Amino acid sequence: MTVVVKLGGSVVTEKDEPETLDEAAIERAARAVASADEEVVVVHGGGSFGHHYATRHGVSRTDGTADALAVREIHGAMKRLNDAMVEALADAGVTAVPVHPLSAGARDGEGQLDLPTGQVRTMLGEGFVPVLHGDVVAHVGAGATIVSGDELVVALATGVDADRVGLCSAVPGVLDADDDVIDRIDAFEDVAAVLGGSDAADVTGGMAAKVRTLLDLDTPASIFALADLRSFFEGERPGTLVAGGDDES
Ligand SMILES: Nc1ncnc2c1ncn2[C@@H]1O[C@H](COP(=O)(O)OP(=O)(O)OP(=O)(O)O)[C@@H](O)[C@H]1O
Ligand SMILES: C=C(C)CCOP(=O)(O)O
């Protein structure tokens, strides 16, 4: 059984405070990952590290930069966050190793992401837990653009043939107009009216982009809060199930 899980930047950082970790949340998430019996691929988002620098340099998933300093600053911030995540996971007993998307993937002229995953599959086979992160990647004709952790989740889930996919965010699921958790989403149009961006600085589009991206995936994906991460690893389906191309849950 292989699980791909994203730890949202809104969970592991104080998203409103530049380069500020949420240490307690990181430790709690690391303990939950350590409790997993499955092969796990971890992805984390940008939070107050990546989004802060991406906003400063005007870079998004579609607006690129040719400025190498901007690329180094955005990537450097994400590497600092990734170092902290890998260290916390290691402290919790997880065999975590870092994987940096800038060095592995790129976008073509249509913005399509190409993310090789052979190295991730080999890491899993050797007992490691790869830890990837939202990043900046080279983009044909645009210099470099942001790749969100959510896009990486979709590419990885396909690449490692994941059995389960989970996204841990700052909310208990996708909320409807009454702030109740929506159990299941099968089509973007069904929920478009209630989907917004992020409450904090976020160049990748918040919840609306998250749902749109996950609907591209054949494997159903759950969106839930940190309090539910452990139960997700225990096989439950907390929060909202985004079921794009497949009916099974
Ligand atoms: N209908 C909705 N239901 C739930 N959250 C919503 C909704 N509309 C907008 N949001 C916002 O989307 C946010 C989650 O998206 P965000 O991109 O911040 O999450 P993340 O993946 O945890 O963070 P990061 O992008 O830094 O990794 C919530 O914190 C909330 O502010
Ligand atoms: C802003 C950067 C560098 C990463 C964005 O990843 P996300 O937080 O998963 O959307």
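We count ligands from 1, going down the list as the structure has it; atoms in each ligand are counted the same way. One is the number of the first residue; the rest follow in order along the sequence. Quick caveat, the model's predicted, so the values are computed rather than measured.
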For [X], take its heavy atoms, then give the atoms of ligand 1 lying under 4.0 Å from any of them.
X: G46; result: 26 (O), 27 (O)
X: V174; result: 3 (N)
X: G45; result: 27 (O)
X: V194; result: 1 (N), 2 (C), 8 (N)
X: G8; result: 20 (P), 21 (O), 22 (O), 27 (O)
X: G196; result: 8 (N), 9 (C)
X: G197; result: 9 (C), 10 (N), 11 (C), 12 (O)
X: G47; result: 26 (O)

Exercise. What part of K6 sits under 4.0 Å from ligand 1 if we count only heavy atoms: the side chain, the backbone, both or neither?
Worked result: side chain
For this session: Please work out whether any backbone atom (N, CA, C, O) or any side-chain heavy atom from C-beta onward of L167 is under 4.0 Å from ligand 1, and answer side chain, backbone, both or neither.
Result: neither
[X]: numbered ligand 2 atoms lying under 4.0 Å from its heavy atoms:
X: I74; answer: 3 (C)
X: G45; answer: 7 (P), 8 (O), 9 (O)
X: K6; answer: 7 (P), 9 (O)

Exercise. Would you say V171 and ligand 1 have an N/O pair spaced under 3.5 Å apart?
Worked result: no
Which option, [options], owns the non-hydrogen atom nearest [atom]?
atom: atom 4 (C) of ligand 1; options: A209, G173, G206; answer: G173
atom: atom 9 (O) of ligand 2; options: G149, G9, G205; answer: G149
atom: atom 7 (C) of ligand 1; options: K210, H51, M207; answer: M207

Would you check if there is a donor-acceptor pair between the side chains of [Y] and [X] at a distance under 3.5 Å?
X: R31; Y: S35; value: no
X: N82; Y: H44; value: yes
X: T204; Y: R61; value: no
X: T145; Y: R107; value: yes

Exercise. What is the closest protein heavy atom to atom 10 (O) of ligand 2, and at what distance does it sit?
Worked result: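 That would be T204 OG1, 2.4 Å.
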Exercise. When you measure from atom 2 (C) of ligand 2 to every protein heavy atom, which one gives the shortest distance, and what is it?
Worked result: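 Its nearest protein heavy-atom neighbour is I146 CG2, 3.8 Å.
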Quick check: does [X] get an N/O under 3.5 Å from an N/O on ligand 2?
X: H44; result: no
X: G46; result: yes
X: H51; result: yes

Exercise. Is the closest basic N to carboxylate O distance between D150 and K6 below 4.0 Å?
Worked result: yes
For this session: Kindly determine whether T2 and L124 satisfy side-chain contact (heavy atoms from CB on, under 4.5 Å), including the steps that lead there.
Result: CA-CA 9 Å; T2 305; L124 290 174; 4.0 Å; yes
Exercise. Looking at F232, is R164 sitting on its ring face, NZ or CZ under 6.0 Å from the six-membered ring centre and within 45 degrees of the normal?
Worked result: yes
Problem set entry | Min heavy-atom dist V136 to ligand 2 below 4.0 Å | no
